[in-house]
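What follows is one structure encoded as structure tokens, with my remarks underneath.
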Amino acid sequence: MKIFISCCLLIVGSLATYGQKAEYKKFDSDADVPRISVDETKKGYDEKSVVIVDARGAEIYKQEHIKGAINIPLGSPASEFDKLPKNKKIIVYCS
């Protein structure tokens with residue numbers, strides 16, 4: 001649980017409508033990236049209504065990650081995201 005909370009504090013964004021006519025947006029600054037609270041993340045995690053993506057490298061992911069998180073490292077091919085469910089909120093974290 002400790003890793004869950006610490007990782008969720010640094011969530012970099014969520015894609016609430018992933019798979020529904022995917023639109024990609026480049027953000028001008030970190031402040032523009034959508035955020036989600038730890039409480040919202042925990043609720044979605046418990047309800048199984050979210051998919052958590054760990055964007056760190058594979059070696060770091062192997063050492064420690066949120067239980068159930070999928071590893072798609074930053075810079076992965078776009079095809080990796082095709083594996084994600086289309087009907088759930090996607091939460092990405094990198095720390």
Side-chain angles (χ1 to χ4, degrees):
M1 183 58 122
K2 183 178 178 181
I3 183 169
F4 179 81
I5 292 172
S6 63
C7 289
C8 289
L9 289 174
L10 296 172
I11 290 173
V12 296
S14 67
L15 304 171
T17 59
Y18 177 78
Q20 299 176 9
K21 192 176 180 182
E23 293 181 24
Y24 299 97
K25 179 179 179 184
K26 183 169 175 122
F27 297 100
D28 294 328
S29 72
D30 289 345
D32 296 332
V33 176
R35 308 278 178 185
I36 185 170
S37 72
V38 173
D39 291 337
E40 290 174 294
T41 302
K42 176 76 169 85
K43 181 180 178 191
Y45 178 87
D46 291 343
E47 294 173 348
K48 297 182 178 19
S49 64
V50 301
V51 173
I52 299 176
V53 175
D54 186 325
R56 302 173 302 161
E59 290 301 316
I60 296 171
Y61 174 82
K62 287 178 189 175
Q63 292 175 13
E64 186 175 60
H65 61 271
I66 296 172
K67 184 178 178 180
I70 298 169
N71 185 224
I72 304 178
L74 185 64
S76 293
S79 61
E80 287 296 309
F81 292 92
D82 293 339
K83 300 174 186 175
L84 296 172
K86 309 288 189 239
N87 60 346
K88 294 187 178 189
K89 184 180 283 189
I90 308 299
I91 299 173
V92 180
Y93 75 95
C94 61
S95 182

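Note: hydrogens, waters and symmetry copies are ignored here, and every other heavy atom, side chains too, is used. Throughout, residue positions are numbered sequentially from 1 according to the sequence presented.
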Working for salt bridge (Lys or Arg N to Asp or Glu O under 4.0 Å), residues Asp46 and Lys42: CA-CA 6 Å; Asp46 291 343; Lys42 176 76 169 85; 2.7 Å; yes

Using modelled atom types only, decide if a donor and an acceptor are shared between the side chain of [X] and the backbone of [Y] within a distance under 3.5 Å.
| X | Y | value |
| --- | --- | --- |
| Tyr61 | Ala69 | yes |
| Lys88 | Lys48 | yes |
| Asp54 | Asn71 | no |

To the nearest 0.5 Å, what is the distance between [atom1] on [X] and [atom2] on [Y]?
| X | Y | atom1 | atom2 | result |
| --- | --- | --- | --- | --- |
| Arg56 | Gln63 | CZ | CD | 8.5 Å |
| Phe81 | Ile72 | CZ | CD1 | 5.0 Å |
| Ile36 | Ile90 | CD1 | CD1 | 11.0 Å |

- request: Search all heavy atoms of Ser76 against all heavy atoms of Glu80 and return the closest pair with its distance.
  value: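 Minimum heavy-atom separation between Ser76 and Glu80: CB-CG, 4.0 Å.
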
- request: Of all the heavy-atom pairs spanning Ala55 and Cys94, show the shortest one and how long it is.
  value: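 Scanning both residues, the minimum pair turns out to be CB-CB, 4.4 Å.
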
- prompt: Less than 4.5 Å apart, any side-chain heavy atom of Pro85 and any of Val51?
  reply: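 A side-chain contact exists here, since the closest heavy-atom pair is under 4.5 Å.
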
For Asp30, side-chain hydrogen bond (donor to acceptor under 3.5 Å, both in side chains) partners two or more places apart: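 For Asp30 there are no side-chain hydrogen bond (donor to acceptor under 3.5 Å, both in side chains) partners, ignoring immediate neighbours.
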
message: Suppose we screen for side chain to side chain contact (heavy atoms under 4.5 Å, CB included). Which residues come up paired with Ser49, at least two apart in sequence or across chains?
response: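 So Ser49 forms a side chain to side chain contact (heavy atoms under 4.5 Å, CB included) with Glu47.
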
With sequence neighbours excluded, residues passing side chain to side chain contact (heavy atoms under 4.5 Å, CB included) with Asp28: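 Counting only residues at least two positions away or on another chain, Asp28 forms a side chain to side chain contact (heavy atoms under 4.5 Å, CB included) with Asp32.
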
query: Should the pair Glu59-Lys62 be classified as a salt bridge under the 4.0 Å nitrogen-to-oxygen rule?
result: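 A salt bridge links Glu59 with Lys62.
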
- request: Please step through side chain to side chain contact (heavy atoms under 4.5 Å, CB included) for the pair Tyr45 and Ile66, ending with a clear verdict.
  value: CA-CA 10 Å; Tyr45 178 87; Ile66 296 172; 4.1 Å; yes

